Chemist: 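One structure follows; several queries about it will come next.
Reckoned from all heavy atoms, side chains included, excluding hydrogens, waters and symmetry mates. Whatever order the structure lists ligands and atoms in, that order sets their numbers, starting from 1. In this text, all values refer to a predicted model and were calculated from it rather than measured experimentally.
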Amino acid sequence: MVQARIMSIGSYVPDKVVTNFDLMKIVDTTDEWMTSMTGIKERHYCADDEAASDLAHRAAVKALESASVAPEDIEIIIVATATSDMAFPSTACLTQELLGAKNAMAFDVTAGCSGFICGLSVATNMIRAGRYKTILVIGSETLSKFSDFEDRNTCVLFGDGAGAVVVQASDDSEESRIISVHLKSDGSYADSLKLPAGGSRNPASLETVQKRMHYIYMDGQTTFKMAIRCMASISTQALEEQNMTVDQMKMLFPHQANWRIIEGLVKKLGTTMDKIIPSIQKYGNTSAASIPISLDEAQATGKIVKGDLILLTAFGAGYTWGSSIVRW
Ligand code: UT7
């Protein structure tokens, strides 16, 4: 059977670092609150002239170089983003042009913070179906551009960044593979985490601007509780279906939105925090980019090596959630 495996990874965060102390100058907040309630100490913000496709491009170049894959060899480009350059064309097409990936077909997936796992699922199944061999999956976000710096409940949480993986076909003899992907959503929670205006429901108008409807809105407490519950259940489902235990996983890569959510998840899964590589303190919540950024860091520091079993899980707007077991 054709298998899909992650050949390489690359990530990029913009240069500008915004610390908790920087934010204290513009919103009514404290370093103590942000650190104890979220685990975040700083985040990276893109420049005014940088958009999601620019970040995606930089992460993708690193992943392609690391796999020694030329842009012309990419067949599909999938960009997971909630903060696309514009409503259309897709950020994936804009990234395709920046990469010079002339032979690819490119499209976006919109699944909030679960977008990277969703993209990985699409890529895995396209490869397993036997039609494609080389797919680039990118999570790229510019959340700072959609953060309301008059709303302390949300603006302190988010950061910008991108991560990319080259997913390639391999045969059963190769140990590394994407073993499983599970996905789920519940649209009855659509209002709990959203960017209300700018689409066909509330097109841009003077009123939508005055009502600050072009910024992220979140019901934090509901999102917090559901994030733990849903990531725990879909991770457990993934492990049970493979007859695996959490102890067999070298590392866990949950979406990093709040350190307390990760603590709750780890407790529910009956494991320990040493299976987590913290990245939220440096980057904040980077939505669809958070898992590949953490994976890149884990590989660069030797925390995961070829052959290790790992579990990825994410939760985000929709609500959407997912999990994936990967043999690195
Ligand atoms: O990536 C997609 C998924 N996203 C998430 O998973 C995020 C989920 N939600 C959360 O992480 C948490 O809900 C937050 C960190 C956003 C908030 O934590 P919370 O425990 O739900 O706090 P809260 O909203 O109930 O607020 C507690 C207090 C409030 O003050 P009062 O009413 O008790 O006086 C807030 O006004 O904290 C206050 N507060 C702040 N204080 C200082 C809210 N934001 C801030 C702030 N600085 N930035």
Chemist: Distance alone, cut at 3.5 Å: any donor-acceptor contact between the side chains of N202 and T208?
Modeler: no
Chemist: Which ligand 1 atoms are under 4.0 Å away from a heavy-atom of T29?
Modeler: 42 (C), 46 (C), 47 (N), 48 (N)
Chemist: Check whether any N or O atom of G220, backbone or side chain, sits under 3.5 Å from an N or O atom of ligand 1, and answer yes or no.
Modeler: yes
Chemist: With side chain to side chain donor-acceptor pair (under 3.5 Å) as the criterion, how do T223 and Y319 come out once you've worked through the C-alpha distance, each side chain's angles and the decisive distance to 0.1 Å?
Modeler: CA-CA 8 Å; T223 307; Y319 290 143; 2.9 Å; yes
Chemist: Could you tell me, atom by atom, which parts of ligand 1 come under 4.0 Å of a heavy atom of H255?
Modeler: 1 (O)
Chemist: Looking at atom 8 (C) of ligand 1, is any protein heavy atom nearer than 4.0 Å to it?
Modeler: yes
Chemist: Could you measure the distance from the CG atom of L269 to the CG atom of L311? Nearest 0.5 Å is fine.
Modeler: 7.5 Å
Chemist: Would a single hydrophobic cluster contain both F107 and V165, if residues Ile, Leu, Val, Met, Phe, Trp and Tyr are joined by side-chain heavy-atom contacts under 4.5 Å?
Modeler: yes
Chemist: Ligand 1 versus N153, non-hydrogen atoms closer than 4.0 Å: side chain, backbone, both, neither?
Modeler: both
Chemist: Looking only at protein heavy atoms, which one is nearest to atom 1 (O) of ligand 1, and how far off is it?
Modeler: N285 ND2, 2.6 Å
Chemist: With no hydrogens and no angle check, just 3.5 Å: does a side-chain donor-acceptor pair link D171 and S173?
Modeler: yes
Chemist: With atoms numbered from 1 as shown, which atoms in ligand 1 lie under 4.0 angstrom from a non-hydrogen atom of T38?
Modeler: 15 (C)
Chemist: Looking at atom 6 (O) of ligand 1, what's its closest protein heavy atom, distance included?
Modeler: I261 CD1, 3.1 Å
Chemist: Should you measure from each heavy atom of M37, which atoms of ligand 1 turn up under 4.0 Å away?
Modeler: 18 (O), 19 (P), 20 (O), 22 (O)
Chemist: Answer with yes or no whether the side chains of T83 and K145 bring together a donor and an acceptor at under 3.5 Å.
Modeler: no
Chemist: Decide side chain to side chain donor-acceptor pair (under 3.5 Å) for D296 and S11; before the verdict, give the C-alpha distance in whole Å, the side-chain angles of both, and the deciding distance to 0.1 Å.
Modeler: CA-CA 6 Å; D296 192 24; S11 67; 2.7 Å; yes
Chemist: Which heavy atom of the protein is the closest neighbour of atom 23 (P) of ligand 1, given with residue, atom name and distance?
Modeler: Q221 NE2, 3.8 Å
Chemist: In sequence, state the C-alpha distance, the side-chain angles, and the governing distance for N20 and R43, and then conclude on side chain to side chain donor-acceptor pair (under 3.5 Å).
Modeler: CA-CA 8 Å; N20 287 351; R43 62 294 278 151; 2.9 Å; yes
Chemist: Answer with side chain, backbone, both or neither: which part of M34 has a heavy atom less than 4.0 angstrom from an atom of ligand 1?
Modeler: neither
Chemist: Determine, counting only non-hydrogen atoms of the protein, whether one lies under 4.0 angstrom from atom 33 (O) of ligand 1.
Modeler: no
Chemist: Less than 4.0 Å from atom 25 (O) of ligand 1, is there any heavy atom belonging to the protein?
Modeler: yes
Chemist: Contact between E150 and V27 at the side-chain level, heavy atoms closer than 4.5 Å - yes or no?
Modeler: no
Chemist: Among all protein heavy atoms, pick the one closest to atom 15 (C) of ligand 1 and tell me residue, atom and distance.
Modeler: N258 ND2, 3.4 Å
Chemist: Quick one: nearest non-hydrogen protein atom to atom 3 (C) of ligand 1, plus distance?
Modeler: T223 CG2, 3.6 Å
Chemist: Regarding Y283 and S294, is there a side-chain donor-to-acceptor distance under 3.5 Å anywhere?
Modeler: no
Chemist: Considering only non-hydrogen protein atoms, determine which one is nearest to atom 35 (C) of ligand 1 and report residue, atom name and distance to 0.1 Å.
Modeler: R152 NH2, 3.9 Å
Chemist: Any side-chain donor paired with an acceptor under 3.5 Å for S114 and H255?
Modeler: no
Chemist: Under 4.0 Å from a heavy atom of V156: which atoms of ligand 1 are those, numbered in the order shown and with their elements?
Modeler: 48 (N)
Chemist: To the nearest 0.1 Å, how far is atom 2 (C) of ligand 1 from its closest protein heavy atom, and which atom is that?
Modeler: C113 SG, 3.3 Å
Chemist: Using a 3.5 Å cut-off on N or O atoms only, is R260 in polar contact with ligand 1?
Modeler: yes
Chemist: Give the residue and atom name of whichever protein heavy atom lies nearest to atom 42 (C) of ligand 1, and the separation in Å to one decimal.
Modeler: W33 CG, 3.3 Å
Chemist: Just so I know, are the side chains of I228 and M231 near enough to count as touching, which here means a heavy-atom distance under 4.5 Å?
Modeler: no
